There are 2 protein chains.
Amino acid sequence: MENEVKTASDKVFVDIRQAIVEGEIAQGSKISEPELSKKHQVSRATLREALNRLESCHLIERKANVGCRVISLTPEKLDEIYQVRSALEGLACRLAATNMTDDEINQVKALLDEHLSTQRVRQGESYYQEEGDLDFHYRIIKGSKNSHLINLLCNELYQLVRMYRVQMGMNGPRVSKAFDEHLAIINAIAARDGELAELLMKRHIAASGNNIERKFQ
Amino acid sequence: MENEVKTASDKVFVDIRQAIVEGEIAQGSKISEPELSKKHQVSRATLREALNRLESCHLIERKANVGCRVISLTPEKLDEIYQVRSALEGLACRLAATNMTDDEINQVKALLDEHLSTQRVRQGESYYQEEGDLDFHYRIIKGSKNSHLINLLCNELYQLVRMYRVQMGMNGPRVSKAFDEHLAIINAIAARDGELAELLMKRHIAASGNNIERKFQ
DNA sequence: ATCACTAAAATTGTCGACAATCTGTTGATC
DNA sequence: GATCAACAGATTGTCGACAATTTTAGTGAT
């Protein structure tokens, strides 16, 4: 349990990040430094430190002498992000097929087994699937053993992807389908077939992206 | 000519970034906030603003309550970065084959013609090749029309790649070979063959990475 | 000589205030 | 009535000082 929240700006960063991802702070809305610093009981300097990190996560945009805005969710941006995510997680998957230990692979398989039983109980519960899905992707990404890639995906892109999934509302019949895709991916990795694993992951992410895009009508 | 240096921290950011990339501030060295803020004639708050952006570029690393260090250049990290770069620029290249206009493609061709004539004059001059190479890659990346990808490559990864190239010393016989590879890539794009363009770009970047890796002995 | 503990120095994190810039409104001119 | 200029208000950028933490130096005991 690595709780990396050591400083005050860390806590504010995590809090605001969640507020943005969950939609508590509306997409596209302006961010007032005086207001937020008062709300979170910190000085503007501390708040600005947190805002800088939010910008690194691509959750807010900044203009000099003007201020910050929460990003707006659009189908076009979703497409752009998922193109990038597909390329990067595809790479991660291919690397994982080489670099994951047998132990790590078995742990992911066990994780999927657990998801299967949990899923049966909570069929429509999208939150569990959300967490489970992310846990799966996390492990594959970590399995690539490429720390630069891990940082890029887990720290800089992850929350942005999550924002689309949360605010566009992930649920419905894709849950069980996604599970099967996860299974196929970890099997390819277990077979040390990096090329196939990469292909399956790219397809899996493309399907997920299309699923979200449909929510825009 | 978009000079995005509007604020004081912008200028400090650009200055320090160059100092790090060029090796004026040694890799792995500790960064003293009081020292640097005095050197650049700004307050620590302004300096810290710049340091935050340097961290976003992956040029420095930060530990809470300890401070910043310039990153260290290692063969392992080089490998990691080039794996990521290959995937992303490969994607950019594939997208460019679809999204670049005929005009833009012709401009890149003209750029390569210009490089050819300049290169004949200054055969061993690595700096020109350096700039020319980057200009080429820039244009392909922009040609992808994927703003998220563009930002990732041009703003967050670019200076880090440059740091390796500059400090490990790029030169030698790869210059003319790289030119031929550029030509093949733009031709594939002109033929609207995204698949081939992606393959060629990935191969081109892998070759470039191996070339740098050789410098580590 | 080595280690543990303490104290002091230095560095980072945080704060409140001031300066520079932008935004929106009012009013004058055409 | 429209355009533009000046003004007022608010917001962001920057500064110097204080608080919290880490690092270093020093002291003493084993």
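Because the structure is a prediction, the values reported are computed rather than measured. The analysis underlying the following values was restricted to heavy atoms, covering all of them including side chains, and did not include hydrogens, waters or symmetry mates. Order of the sequence lines fixes the chain letters, A, B, ..., with proteins taken first and strands second; residue numbering starts at 1 for each chain.
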Measure from [atom1] on [X] to [atom2] on [N] and round the result to the nearest Å.
X        : N       : atom1 : atom2 : answer
Asn52(A) : dT14(D) : CG    : P     : 12 Å
Lys38(B) : dC15(D) : NZ    : P     : 16 Å
Arg44(A) : dT14(D) : CZ    : C1'   : 9 Å
Glu35(B) : dT12(C) : CD    : P     : 10 Å
Lys63(A) : dT21(C) : NZ    : P     : 18 Å
Asn65(B) : dA10(C) : CG    : C1'   : 13 Å
Glu33(B) : dG13(C) : CD    : C1'   : 9 Å
Glu49(B) : dT14(C) : CD    : C1'   : 15 Å

*Do side-chain atoms of Asn99(B) reach the backbone of Ser144(B) as a donor and acceptor pair under 3.5 angstrom?*
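Confirmed, Asn99(B) side chain pairs with Ser144(B) backbone.
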For the side chain of Glu104(A) and the backbone of Thr101(A), is there at least one donor-acceptor N/O pair under 3.5 Å apart? yes
One pair to check against side chain to side chain contact (heavy atoms under 4.5 Å, CB included): Ile60(B) and Arg69(B). What are the steps and the verdict? CA-CA 5 Å; Ile60(B) 67 176; Arg69(B) 300 194 87 87; over 6 Å; no
Heavy-atom nearest nucleotide on DNA chain C for Thr46(A) versus Val66(A): which residue maps closer to 5'?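 It is Thr46(A) whose nearest nucleotide is closer to the 5' end.
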- Please work out if Leu47(A) contacts a base, only the sugar-phosphate, or nothing of the nucleic acid, heavy-atom cut-off 4.0 Å. nothing
Practice item. Describe, in one word, how the ring planes of His137(B) and His204(B) are oriented to each other, choosing from parallel (under 30°), tilted (30 to 60°) and perpendicular (over 60°). Key: parallel
Please state whether the phosphate of dG13(C), meaning OP1 or OP2, lies under 4.0 angstrom from any side-chain nitrogen or oxygen of Arg48(B). yes
Would you say a side-chain N or O of Arg69(A) is under 4.0 Å from OP1 or OP2 of dT11(D)?
no
So, are Asp102(B) and Arg192(B) salt-bridged, with charged N and O less than 4.0 Å apart?
yes
- Salt-bridge present (Lys109(A), Asp113(A); N to O < 4.0 Å): no
Lys30(A) has its side chain closest, among dG16(C), dT11(D), dC15(D), to dT11(D)
With a 6.0 Å cut-off on ring centres, are Tyr138(A) and Tyr158(A) close enough? yes
Note: contacts of residues 7-14 of chain A with DNA chain D (heavy atom, under 4.0 Å) are none
